[in-house]
Amino acid sequence: MKKLIPSYVRVPLIFVIVLGAMEYFIDSGEQPAFIKFPMVGLFLIVFLFLLIAIEIVVSAVDNVTYHLLTDEQKKQLEEAQSIPFAESKFYQSISKKLTRSKGVEEEHDVLLDHDYDGIKELDNVLPPWWVYLFYITIVFAFIYLIRFHVFSDYTQAEEFETEMATARAEIEKYKLTAPDLMNKEKVTLLSDAGSLAEGKKLYETSTCIACHKTDGGGSIGPNLTDDHWILGGGIKNVFNTIMEGGREGKGMVPWKKEIKPSDIQKIASYVISLQGTNPKDAKAPEGDVWVDENAPKPATVTDSTATDSTKKTVETAIK
């Protein structure tokens, strides 16, 4: 049997097609399906071995069959295999069904009377594939007309807005489960024990302790346990300082390239949890006392209220 595609091309091609189909139909998130699901990887390995085994078996059968042929049969097989694919009976049959063209010896049946300076015209029929496609476009146009112009289904503008709204919703959903998209505006203070424990571990295993000590009391860097801050306190300012670095030339270097934002959030939350711990031999305060402007303010008595209250007290005393 003549093989149009050699086995060393056919096997990888079939394997890649199956692999692509599995990646398309299996939802494995950001990881490839054969990594996230070990059974998929095992199936692909078995499938590849089966492909190779089938090729070996088919090749062996062809060799055995060829040696069983007579010399005359071998000669006929070689002659059949030497014919180009475009000249084979199979190709000629398919081509004739798709085009319905006439051979050179049959051109007199479709020859028109038109003669343009010796150039004559053939009245060939349209290719069947083209005709069928044309019929399909007519059916599609009819369905489209009924759906969108008779029953007034959604317009292109409405479809666009719907798709955009869906995309925006998916982006927001993705952001909720993608902590590494954390930024100064989105960051919030973590107070659960697990996050603070992870923040402490990151603080102690990174270079934080080299400048701020293990207890946060400060050495080269400032004391992290008091209420004074050089670049502002609170989770947003501390997060931004770790992410972007401190004062240029003498402050802390940016850590955004070495530590991912979700971990910086944990470190910043742990640093804030150190306030008020008063470690031994802590460094003197640096910077200014930071007060959260967004924190709720306690109610105060106005001057007029105080004056009225004082007047009533005096009047009561006089009476």
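Fair warning: this is a prediction, and the values are worked out from it, not measured in the lab.
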**Student:** Quick one: pull up OG1 in Thr137 and CZ in Phe134 and give me the separation to the nearest 0.5 Å.
**Tutor:** 5.5 Å
**Student:** Mind checking whether Ile52 and Leu13 sit in one hydrophobic cluster, side chains of I, L, V, M, F, W, Y counted as touching below 4.5 Å?
**Tutor:** no
**Student:** Are any of the side-chain heavy atoms of Asp227 and Trp290 separated by less than 4.5 Å?
**Tutor:** no
**Student:** List the steps and the verdict of side chain to side chain contact (heavy atoms under 4.5 Å, CB included) for Ile272 and Val238.
**Tutor:** CA-CA 8 Å; Ile272 293 176; Val238 176; 4.3 Å; yes
**Student:** Under 4.5 Å between side-chain heavy atoms, counting indirect links through other Ile/Leu/Val/Met/Phe/Trp/Tyr residues: same cluster for Leu44 and Val11 or not?
**Tutor:** yes
**Student:** Roughly how far, to the nearest 0.5 Å, is the OH atom of Tyr66 from the CD atom of Gln73?
**Tutor:** 11.0 Å
**Student:** Between Asn223 and Lys283, is there a donor-acceptor pair closer than 3.5 Å when you use the side chain of the first and the backbone of the second?
**Tutor:** yes
**Student:** Would you compute the distance between atom CG of Leu274 and atom CG of Asp226 and round it to the nearest 0.5 angstrom?
**Tutor:** 11.0 Å
**Student:** Taking atom CZ of Phe160 as the centre, report whether more than 12 heavy atoms of other residues, nucleotides or ligands fall under 6.0 Å from it.
**Tutor:** no
**Student:** Counting only heavy atoms not in His67, do more than 12 sit closer than 6.0 Å to its NE2 atom?
**Tutor:** no
**Student:** Under 3.5 Å, is there a donor-acceptor pair between the side chain of Ser219 and the main chain of Cys211?
**Tutor:** yes
**Student:** Quick check: closest heavy atoms across Pro12 and Ser7, and the distance to 0.1 Å?
**Tutor:** CD-O, 4.0 Å
**Student:** Quick check: closest heavy atoms across Ser269 and Leu190, and the distance to 0.1 Å?
**Tutor:** OG-N, 3.0 Å
**Student:** Check whether His212 reaches the backbone of Pro222 with its side chain - one donor and one acceptor, N or O, closer than 3.5 Å.
**Tutor:** yes
**Student:** Between CZ of Arg168 and CE of Met164, what distance do you get to the nearest 0.5 Å?
**Tutor:** 5.0 Å
**Student:** Give a yes or no on whether the backbone of Ser28 and the side-chain of Gln31 come within a donor-acceptor separation of less than 3.5 Å.
**Tutor:** no
**Student:** Is there a path of hydrophobic side-chain contacts, each under 4.5 Å between heavy atoms, that joins Tyr8 and Val57?
**Tutor:** no
**Student:** Assess the residue pair Lys184 and Lys236 against the criterion (side chain to side chain contact (heavy atoms under 4.5 Å, CB included)); give the C-alpha distance rounded to whole Å, side-chain angles, the decisive distance to 0.1 Å, and a yes or no.
**Tutor:** CA-CA 5 Å; Lys184 180 182 177 181; Lys236 295 185 182 298; 4.2 Å; yes
**Student:** Do other residues, nucleotides or ligands put more than 12 heavy atoms under 6.0 Å from Lys74 NZ?
**Tutor:** yes
**Student:** Leu231 and Gly245: which non-hydrogen atoms are nearest, and at how many Å?
**Tutor:** CD1-O, 4.4 Å
**Student:** Starting from Val46, can I reach Ile56 by hopping between I/L/V/M/F/W/Y residues whose side chains sit under 4.5 Å apart?
**Tutor:** no
**Student:** Could you check Gln265 against Thr188 for side chain to side chain contact (heavy atoms under 4.5 Å, CB included), going step by step and ending with a plain yes or no?
**Tutor:** CA-CA 8 Å; Gln265 180 189 23; Thr188 56; 3.6 Å; yes
**Student:** Are any of the side-chain heavy atoms of Val289 and His228 separated by less than 4.5 Å?
**Tutor:** yes
**Student:** Decide whether Leu48 and Val16 are clustered together by the hydrophobic rule: side chain heavy atoms of Ile, Leu, Val, Met, Phe, Trp, Tyr closer than 4.5 Å, transitively.
**Tutor:** no
**Student:** Of all the heavy-atom pairs spanning Phe47 and Ile14, show the shortest one and how long it is.
**Tutor:** CZ-CG2, 4.0 Å
**Student:** When rounded to the nearest 0.5 angstrom, what distance separates CG in Leu68 from CG in Asn63?
**Tutor:** 11.0 Å
**Student:** Which value, rounded to the nearest 0.5 Å, describes the distance between Ile242 atom CD1 and Glu258 atom CD?
**Tutor:** 13.0 Å
**Student:** Flag the pair Tyr203 / Lys266 as yes when at least one side-chain heavy-atom distance between them is below 4.5 Å, and no otherwise.
**Tutor:** no
**Student:** Over all heavy atoms of both residues, which pair between Ser191 and Leu196 is shortest? Give the atoms and the distance, please.
**Tutor:** O-CD1, 3.7 Å
**Student:** For Ser195, check side-chain hydrogen bond (donor to acceptor under 3.5 Å, both in side chains) against everything at least two apart and list the hits.
**Tutor:** Asp192
**Student:** Taking only Lys NZ, Arg NE, NH1 and NH2, and the carboxylate oxygens of Asp or Glu, determine whether Arg10 and Glu55 approach each other closer than 4.0 Å.
**Tutor:** yes
**Student:** For Ile220 versus Ala210, what's the shortest heavy-atom pair and its separation?
**Tutor:** CD1-O, 4.3 Å
**Student:** Treating Lys256 as the side-chain partner and Glu244 as the backbone partner, does any N or O pair qualify as donor plus acceptor under 3.5 Å?
**Tutor:** no
**Student:** With side chain to side chain contact (heavy atoms under 4.5 Å, CB included) as the test, would you mind laying out the steps for Thr241 and Trp229 before giving the verdict?
**Tutor:** CA-CA 11 Å; Thr241 302; Trp229 296 91; over 6 Å; no
**Student:** Hey, which of Ile35, Ile45, Ile26 is the one that makes side chain to side chain contact (heavy atoms under 4.5 Å, CB included) with Val40?
**Tutor:** Ile26
